[in-house]
Amino acid sequence: MPADSTAISHGCAFFSRTPDSIFIAEDFVGDERLMIDTAEQFSRKEVLPIAERLDKQEEGLMPDLIRRAGELGFCGVDAPDAYGGLGLGKNLAARILEHLSFNASFSVTIGVTSGIAQVALSWFGTDEQKSRYLPRLTSGEWLGAYCLSEPNSGTDALSIATRADRRGDKWVLNGTKMWISNAKWADFFLVMAKVDGERFSAFLVERDFPGVSVAREEHKLGLKGSSTARVLLEDAEVPLDNMLYLEGRGHVVALNALNLGRFKLSSMSIGPARDAIGLAAHYALDRKQFGQPIAHFGLIQKKFALMASLFFASESMIYRTGADIDGAFGQSGGTIEGNRKAAEEMAVECSMCKVFSTEAEALIVDEALQVYGGYGFTEEFPIARHYRDARISRIYEGTNEINRVFISERLRRRAQEGRASLDAVGDSYISELAGKAMALGSDNQIVTGAASDLLIVAYAEQSARIRAKRLRGIHSELYNCFLNWANPRAAEAFQIVAGTETALPASAATDYAAIADAVYAKSGPL
């Protein structure tokens, strides 16, 4: 794990932690590995066989599945052990969540109830609030939901219209929350509202409180097995002591929960990508054309090499970031203020992981479906479900567009506070371009987005390169394959920022067939 939280003074100097000893996925060992394997077996034996029943939202099926996951500790991996959780690190919790995410409907259900629905309570709640609610959530007895979005408030989250007015010994909430995951099953809602229509605040709301109701299910493109509905607050009565944290400071609760939510969503996104690669590998070996398995064809091999390399880069940056998050929380002292600072410390990296991994997921499931050909376009094969489900990943937890706006702006703020340098030495072609781009700056949103693209790819490239250097062998081939994909995209983004061309380095020699053969042998990413 990284030794300190200072900005690095060499190489790609944008990021808050030194890259010299970054954590990689292979560093999960022993009991951690056992828990990860248990999560994978739960997915394959308990969740995937009933995917069609989940899609039909068979009565009681999903809540029962969550309760069974809770019995294994999966609903509170990183929740405090004093309140029924396992008290483990957020990096391990994310890795477990990845392997619980082969079915995206189950993934979002357990991800919300174990993540953004309860993490803010863990960070900002009083002992009494945590004692009252966390054990029910960490056990899987209760499902949780996070209520921020509204019909006229999405990306501009702080413009919510839901009101909270004090009347005697209670708060009275009025408003409509939209796109609420788990709404049908949730017993507990973390609700954002404005006191007297002005002061943004957070409230702990139970389903059975008077005035709380749930509207009909939304008819979604994907995630059909998950619940998404409006939560209606009509003179909803909430006890005074159910305000979370401080009046007028609900934005701290909401946005810091989203910071960690974006990190965990990254793992939730590569879980389906992992399964899609494995499904496509099996199909490519079985499907024969022109007298041989299509797995032997060069263009199919190149697809698997690209899928595996994008997965490798995503995984590299996610678990590097997760270890750094654990490091930040380890230094927080467990206080509310310390937790707030720790959550904010890694906000840039969390957004970068979210954008890169969700877009990598989209490309991976698209290529996996292409391997199936016409069969992939039917509901007879599970790849179609992955394709439909993946589309939402780039929208929720903050659209990728708003994250792109935030990334470079947040990084500049970090530099102004003395916690990072924008003067990159340039330990790679991509990081050198990113350093030049950040030195230019712009108020133009298109230019800001391109600068963020450079930062995202620089973080992914550096993470993948350092991991490949440690592992060597086929992982060096994976890095070369990724580099050949990333360099042209970095050059295009730089041209948007700087308005000048840049010469591309020569392509790295890559053995696509060797990567594909390794994927086939492992039946999944490497």
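Everything quoted here is computed from the prediction, not taken from an experiment. The basis for the numbers below is simple: all heavy atoms, side chains too, and nothing from hydrogens, waters or symmetry mates.
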Practice task
Apply the salt bridge (charged side-chain N to carboxylate O under 4.0 Å, His left out) test between Glu359 and each candidate in Arg404, Arg489, Arg394, Arg391; give the one that qualifies.
Solution key: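 Of Arg404, Arg489, Arg394, Arg391, salt bridge (charged side-chain N to carboxylate O under 4.0 Å, His left out) with Glu359 is met by Arg404 alone.
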Practice task
Taking only Lys NZ, Arg NE, NH1 and NH2, and the carboxylate oxygens of Asp or Glu, determine whether Glu345 and Lys341 approach each other closer than 4.0 Å.
Solution key: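 Not counted as a salt bridge, because no side-chain N and carboxylate O are separated by less than 4.0 Å.
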Exercise for the section: Using the six-membered ring of Phe329, assess whether NZ or CZ of Lys90 lies under 6.0 Å from its centre and within 45 degrees of the ring axis. Expected result: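 Cation-pi check for Lys90 and Phe329: passes.
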Using a 3.5 Å distance criterion without hydrogens, assess whether the side chain of [X] forms a donor-acceptor pair with backbone atoms of [Y].
X      : Y      : result
Glu206 : Asp187 : no
Lys177 : Leu148 : yes
Glu141 : Pro135 : no
Arg249 : Leu244 : no
Asn242 : Leu204 : yes
Ser266 : Cys353 : yes
Lys130 : Pro80  : no
Asp275 : Pro272 : no
Asp78  : Ala93  : no
Ser201 : Arg199 : yes

Mind listing the closest non-hydrogen atom pair of [X] and [Y] along with its distance?
X      : Y      : result
Ile116 : Gly261 : CG2-CA, 3.8 Å
Val108 : Met268 : CA-CE, 3.7 Å
Ala257 : Trp123 : N-CZ3, 4.0 Å
Val447 : Ile496 : CG2-O, 4.0 Å
Phe311 : Ala273 : CD1-CB, 4.3 Å
Thr321 : Cys350 : CG2-N, 4.4 Å

Exercise for the section: Fit a plane to each ring of His251 and Phe200, take the angle between them on a 0 to 90° scale, and name the class: parallel (under 30°), tilted (30 to 60°) or perpendicular (over 60°). Expected result: perpendicular
Exercise for the section: Could you tell me how the ring of Phe23 sits relative to the ring of Phe28: parallel (under 30°), tilted (30 to 60°) or perpendicular (over 60°)? Expected result: perpendicular
Is atom [atom1] of [X] surrounded by more than 12 heavy atoms (other residues, nucleotides or ligands) closer than 6.0 Å?
X      : atom1 : value
Trp185 : CH2   : yes
Ile446 : CD1   : no
Asn152 : CG    : no
Glu247 : CD    : yes

Handout entry: Qualifying residue for side-chain contact (heavy atoms from CB on, under 4.5 Å) with Ser408, from Ile456, Asp453, Thr448
Key =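 One option only clears the test, and that one is Thr448.
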Could you tell me the separation between the [atom1] atom of [X] and the [atom2] atom of [Y], rounded to the nearest 0.5 Å?
X      : Y      : atom1 : atom2 : result
Ser149 : Met192 : OG    : CE    : 10.5 Å
Arg262 : Met352 : CZ    : CE    : 13.0 Å
Trp179 : Lys220 : CH2   : NZ    : 9.5 Å
Asp55  : Arg388 : CG    : CZ    : 6.0 Å
Leu121 : Thr126 : CG    : OG1   : 8.0 Å
Phe406 : Ser351 : CZ    : OG    : 8.0 Å

Would you say [X] and [Y] make side-chain contact, with heavy atoms under 4.5 Å?
X      : Y      : value
Asp27  : Arg470 : yes
Ser226 : Thr228 : yes
Gln462 : Arg320 : yes
Phe189 : Leu233 : no
Glu401 : Gln445 : no
Met35  : Leu86  : yes
Lys436 : Leu440 : no
Cys75  : Ile66  : yes

Exercise for the section: Kindly indicate, with the supporting measurements, whether the criterion salt bridge (charged side-chain N to carboxylate O under 4.0 Å, His left out) is fulfilled by Glu409 and Arg413. Expected result: CA-CA 6 Å; Glu409 290 180 352; Arg413 191 183 317 142; 5.4 Å; no
Problem - CA sep, side-chain torsions, deciding dist, call: Ser227, Glu217, side-chain contact (heavy atoms from CB on, under 4.5 Å) - result: CA-CA 7 Å; Ser227 171; Glu217 282 288 302; 2.6 Å; yes
Practice task
Could you please spell out the steps behind the salt bridge (charged side-chain N to carboxylate O under 4.0 Å, His left out) verdict for Arg274 and Glu315?
Solution key: CA-CA 10 Å; Arg274 174 186 291 276; Glu315 196 179 42; 3.2 Å; yes
If we count only N and O atoms by modelled type, under 3.5 Å, do the side chains of [X] and [Y] hold a donor and an acceptor together?
X      : Y      : value
Gln118 : Tyr133 : no
Thr162 : Glu150 : yes
Tyr396 : Ser181 : no
Glu98  : Tyr319 : yes
Asn182 : Thr113 : no
Ser393 : Glu361 : yes
Ser107 : Ser101 : yes

Exercise for the section: Determine, step by step, whether Glu26 and Arg467 satisfy the salt bridge (charged side-chain N to carboxylate O under 4.0 Å, His left out) criterion, reporting the C-alpha distance in whole Å, the side-chain angles of both residues, the deciding distance to 0.1 Å, and the verdict. Expected result: CA-CA 9 Å; Glu26 289 75 12; Arg467 182 182 177 197; 2.7 Å; yes
Exercise for the section: Go through the steps to decide whether Asn259 and Asn256 satisfy the test side-chain contact (heavy atoms from CB on, under 4.5 Å), and finish with yes or no. Expected result: CA-CA 5 Å; Asn259 285 340; Asn256 281 303; 3.3 Å; yes
Exercise for the section: Start with the C-alpha distance between Leu92 and Ile36, add both sets of side-chain angles, then the distance that settles side-chain contact (heavy atoms from CB on, under 4.5 Å), and finish with yes or no. Expected result: CA-CA 8 Å; Leu92 177 58; Ile36 295 164; 4.0 Å; yes
Practice task
Begin from the C-alpha positions of Ile466 and Ile24 and carry the test side-chain contact (heavy atoms from CB on, under 4.5 Å) through to its verdict.
Solution key: CA-CA 9 Å; Ile466 295 170; Ile24 62 175; over 6 Å; no
